[in-house]
*Asks:* 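The structure is given below, and queries will be raised subsequently.
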Amino acid sequence: MSRIGKKPVPVPGGVTATVSGQTISVKGPKGTRAFTATDDVTITVEDGAVSVKPRGLSKRARQQWGMSRTQVENLMTGVTTGFKKEMEINGVGYRAAAQGKVLKLSLGYSHDVDFAIPEGVTVTTPKPTEIIVEGIDQQVVGQVAANIREWRKPEPYKGKGIKYKGEFIFRKEGKKK
């Protein structure tokens, strides 16, 4: 039995959830999201909560059960509070500036990096060394943050680069004389 899958997902106030076939659509204050589940699970909305049940006892049905329930919960979180990734830039002369739909990054290259911000995601820079990525889709927010980080990953000697807030960078000792 899936411990996660057994729990129903409560529908918060101001959010409407509708099921048609295997697709659940959730509409909230931040926008609308939808998720299409596989045929191995059944999604129902009852008593202000969304419940996911497996169809059968196969291994695949049990795997999809917990995953589908988590996806539905992520829909609810996305349309109510949204998702957020905070990043820090360390290094002399390294900085970021959000200008419209483009994030300008100065990362020690001979040129500035212009990162195009995709639809459904907002990128803000409260300080030149901080980047905040926000949106209603957890997967897209995480992927955009990973793509920004890819331009200059933190290195282990001085810790220069783009890292997630709170991330631990394993430091190495330099050369000895």
Side-chain angles (χ1 to χ4, degrees), residues 2-5 7-18 23-37 43 45 48-50 52 66-109 112-156 158-171:
S2 172
R3 291 181 188 190
I4 294 171
K7 298 180 195 168
V9 181
V11 179
V15 175
T16 57
T18 55
T23 304
I24 180 167
S25 300
V26 179
K27 189 170 191 273
K30 289 201 176 244
T32 306
R33 295 274 327 279
F35 168 69
T36 304
I43 300 174
V45 178
V50 179
V52 181
M67 191 274 301
S68 298
R69 190 257 182 213
T70 303
Q71 291 282 21
V72 170
E73 186 177 37
N74 286 344
L75 295 181
M76 299 294 177
T77 306
V79 298
T80 53
T81 59
F83 293 98
K84 179 190 214 176
K85 285 270 187 188
E86 296 181 24
M87 306 169 87
E88 298 172 341
I89 302 176
N90 294 327
V92 178
Y94 288 14
R95 65 182 144 276
Q99 299 173 345
K101 280 290 184 187
V102 174
L103 178 67
K104 286 199 171 291
L105 300 166
S106 298
L107 298 172
Y109 296 119
D112 283 355
V113 174
D114 289 343
F115 182 83
I117 301 167
E119 284 296 316
V121 175
T122 56
V123 177
T124 55
T125 52
K127 294 185 203 164
T129 59
E130 274 184 27
I131 303 170
I132 298 174
V133 182
E134 293 177 296
I136 63 170
D137 190 344
Q138 185 180 31
Q139 194 274 326
V140 174
V141 168
Q143 188 62 54
V144 168
N147 291 346
I148 292 170
R149 184 178 189 266
E150 195 72 29
W151 280 101
R152 186 69 92 179
K153 287 186 178 174
E155 52 94 19
K158 290 185 178 177
K160 290 167 57 171
I162 303 172
K163 67 174 190 153
Y164 298 114
K165 195 169 218 162
E167 179 184 7
F168 176 74
I169 305 301
F170 183 76
R171 302 298 284 270

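Just so it is clear, the model here is predicted, and its values are computed rather than measured.
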*Asks:* Could you check whether any side-chain heavy atom of Val79 comes within less than 4.5 Å of a side-chain heavy atom of Leu75, counting everything from C-beta outward?
*Replies:* no

*Asks:* Looking at OG1 of Thr125 and CD of Gln99, how far apart are the two atoms once the value is rounded to the nearest 0.5 Å?
*Replies:* 8.5 Å

*Asks:* For residues Ile4 and Gly66, report the shortest heavy-atom separation together with the two atoms involved.
*Replies:* CG2-O, 4.2 Å

*Asks:* Look at atom OH of Tyr109 and say whether more than 12 heavy atoms of other residues, nucleotides or ligands are closer to it than 6.0 Å.
*Replies:* yes

*Asks:* I want to check something: taking the side chain as every heavy atom from C-beta on, are Phe35 and Ser25 in contact at a cut-off of under 4.5 Å?
*Replies:* no

*Asks:* So which atom in Val11 and which in Ala17 form the shortest heavy-atom distance, rounded to 0.1 Å?
*Replies:* CG2-CB, 4.4 Å

*Asks:* What pair of heavy atoms forms the shortest contact from Ile136 to Lys30, and how long is it?
*Replies:* CG2-CB, 3.7 Å

*Asks:* Roughly how far, to the nearest 0.5 Å, is the OG1 atom of Thr124 from the CD1 atom of Ile117?
*Replies:* 9.0 Å

*Asks:* Measure the shortest side-chain to side-chain distance between Val133 and Lys84 over non-hydrogen atoms and say whether it is less than 4.5 angstrom.
*Replies:* no

*Asks:* Does Lys27, at its NZ atom, have more than 12 non-hydrogen atoms belonging to other residues, nucleotides or ligands within less than 6.0 Å?
*Replies:* no

*Asks:* For Lys101, does the NZ atom sit with more than 12 other heavy atoms under 6.0 Å from it, leaving out its own atoms?
*Replies:* yes

*Asks:* Val72 vs Ile24, test: side-chain contact (heavy atoms from CB on, under 4.5 Å). Steps then yes/no.
*Replies:* CA-CA 8 Å; Val72 170; Ile24 180 167; 4.2 Å; yes

*Asks:* Given side-chain contact (heavy atoms from CB on, under 4.5 Å), test Leu103 with Asp114 step by step and report yes or no.
*Replies:* CA-CA 6 Å; Leu103 178 67; Asp114 289 343; over 6 Å; no

*Asks:* Any sub-3.5 Å donor-acceptor pair from Glu155's side-chain atoms to Lys158's backbone N or O?
*Replies:* yes

*Asks:* What is the minimum heavy-atom distance between Phe83 and Asp137, and which atoms define it?
*Replies:* CD1-C, 4.1 Å

*Asks:* Between CD1 of Ile131 and CZ of Arg149, what distance do you get to the nearest 0.5 Å?
*Replies:* 12.0 Å

*Asks:* At what distance, to the nearest 0.5 angstrom, does OG1 of Thr129 lie from CE of Met87?
*Replies:* 12.5 Å

*Asks:* What's the verdict on side-chain contact (heavy atoms from CB on, under 4.5 Å) for Val50 and Met76, showing C-alpha distance, side-chain angles and the deciding distance?
*Replies:* CA-CA 10 Å; Val50 179; Met76 299 294 177; 3.7 Å; yes

*Asks:* Within 45 degrees of the axis of the six-membered ring of Phe115 and under 6.0 Å from its centre: does Lys104 put its NZ or CZ there?
*Replies:* no

*Asks:* Between atom CG of Leu105 and atom OH of Tyr94, what is the distance when rounded to the nearest 0.5 Å?
*Replies:* 11.5 Å

*Asks:* Return the minimal non-hydrogen interatomic distance between Pro126 and Ile132, and the atom names on each side.
*Replies:* CG-CD1, 3.8 Å

*Asks:* Please name the pair of heavy atoms, one in Ala96 and one in Ile89, separated by the smallest distance, quoted to 0.1 Å.
*Replies:* CB-CD1, 3.6 Å

*Asks:* Are any side-chain N or O atoms of Arg69 and backbone N or O atoms of Val9, one a donor and one an acceptor, separated by less than 3.5 Å?
*Replies:* no

*Asks:* Has Glu167 got a side-chain atom pairing as donor or acceptor with Tyr164's backbone, closer than 3.5 angstrom?
*Replies:* yes

*Asks:* Is there a side-chain contact between Val26 and Thr32 (heavy atoms, below 4.5 Å)?
*Replies:* no

*Asks:* For Arg152 and Lys160, what are the C-alpha separation, side-chain angles and deciding distance, and is it a side-chain contact (heavy atoms from CB on, under 4.5 Å)?
*Replies:* CA-CA 8 Å; Arg152 186 69 92 179; Lys160 290 167 57 171; over 6 Å; no

*Asks:* Counting C-beta onward and ignoring hydrogens, is there a side-chain heavy-atom pair between Pro154 and Lys163 closer than 4.5 Å?
*Replies:* yes

*Asks:* Please say whether more than 12 non-hydrogen atoms of neighbouring residues, nucleotides or ligands are located less than 6.0 Å from CZ in Arg95.
*Replies:* no

*Asks:* Out of curiosity, Lys7 NZ to Glu73 CD, how far, rounded to the nearest 0.5 Å?
*Replies:* 8.0 Å

